[in-house]
Amino acid sequence: MSSIYSINKGVSQPIVFKGLKAQYIIYLAIGLVVLLILFALLYIIGAGLLIVLPLILMLGTAHFLLVLHLSHRFGTHGLMKYLAKRRLPHTIRFRSRRLFTSLNAHTHSVNPK
């Protein structure tokens with residue numbers, strides 16, 4: 001008797017939600033939580049609701065558009081690769097040849113039998 005198995009073809013695909021890919025969903029969620037806390041703090045402090053609400057709405061819209069832009073520009077892992085590439089030095093300078101001469105000395109010190 002043969003069994004019928006369904007094949008899940010999207011196992012290795014990144015999560016996509018409303019155009020946001022992978023880690024950008026988390027970035028959006030964290031930003032919204034920060035905006036909620038900012039709204040609560042400003043309201044508790046006593047800032048007027050007519051000032052706080054438009055401010056939070058503008059910041060929320062800007063944050064959403066920024067995260068959406070980053071998601072479309074860099075894709076799933078592109079932002080991490082971009083930030084890692086920016087941290088690489090443009091040049092490596094050596095003031096002495098001692099590093100290279102000591103490497104050569106260590107490679108010849110092994111006695112093969």
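Computation of the quantities below employed the complete heavy-atom set of this structure, encompassing side-chain atoms and omitting hydrogens, waters and symmetry-equivalent molecules. Along the sequence shown, the residues carry numbers beginning at 1.
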### Query
Picking from Met80, Arg86, Lys85, what satisfies side-chain contact (heavy atoms from CB on, under 4.5 Å) with Tyr82?
Arg86
#### Entry: Within-4.5 Å side-chain heavy-atom neighbours: Leu55 and Phe39
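The answer is no, as the side chains (C-beta and beyond) never meet within the 4.5 Å cut-off.
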### Query
Given side chains that start at C-beta, do those of Leu36 and Leu32 come closer than 4.5 Å, heavy atoms only?
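Sidechains of Leu32 and Leu36: no contact.
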### Task
Kindly state each residue pair satisfying ring-ring contact (aromatic ring centres under 6.0 Å, His included) with at least one member in residues 43-65, sequence neighbours excluded.
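As it turns out, there is no ring-ring contact (aromatic ring centres under 6.0 Å, His included) pair with a partner in residues 43-65 once direct neighbours are skipped.
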### Query
Do you know the tightest heavy-atom contact between Pro54 and Leu49?
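Shortest heavy-atom contact: CD-O, 3.9 Å.
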### Task
Mind listing the closest non-hydrogen atom pair of Leu20 and Leu28 along with its distance?
CD1-CD2, 3.4 Å
### Task
Measure from the side-chain N and O atoms of Tyr24 to the backbone N and O of Gly75, and report whether any donor-acceptor pair falls under 3.5 Å.
yes
### Task
Please answer whether the main-chain N or O of Val67 pairs with a side-chain N or O of Ser71 as donor and acceptor at a distance below 3.5 Å.
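Absent.
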same_hphob_cluster([X], [Y]) at 4.5 Å side-chain heavy-atom cutoff:
X	Y	value
Leu83	Phe74	yes
Val34	Tyr27	no
Leu70	Ile30	no

### Message
My understanding is that a hydrophobic cluster links ILVMFWY residues whose side chain heavy atoms are under 4.5 Å apart, including indirect links. Using that, what else belongs to the cluster containing Ile51?
### Response
none
### Query
Mind checking who shares a hydrophobic cluster with Leu41, ILVMFWY linked at side-chain heavy-atom distances under 4.5 Å?
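Members besides Leu41, by chain and number: Val33, Ile37.
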### Task
To the nearest 0.5 angstrom, please state how far the CG atom of Leu35 sits from the OG1 atom of Thr61.
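That separation rounds to 9.5 Å.
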### Query
Once you round to the nearest 0.5 Å, how far does CZ of Arg73 lie from CG of Leu68?
14.0 Å
### Query
Got a sec: does the NE2 of His77 have more than 12 other heavy atoms crowding it under 6.0 Å?
no
### Over 12 foreign heavy atoms within 6.0 Å of CG, Leu65
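Atom CG in Leu65 is crowded, with more than 12 foreign heavy atoms closer than 6.0 Å.
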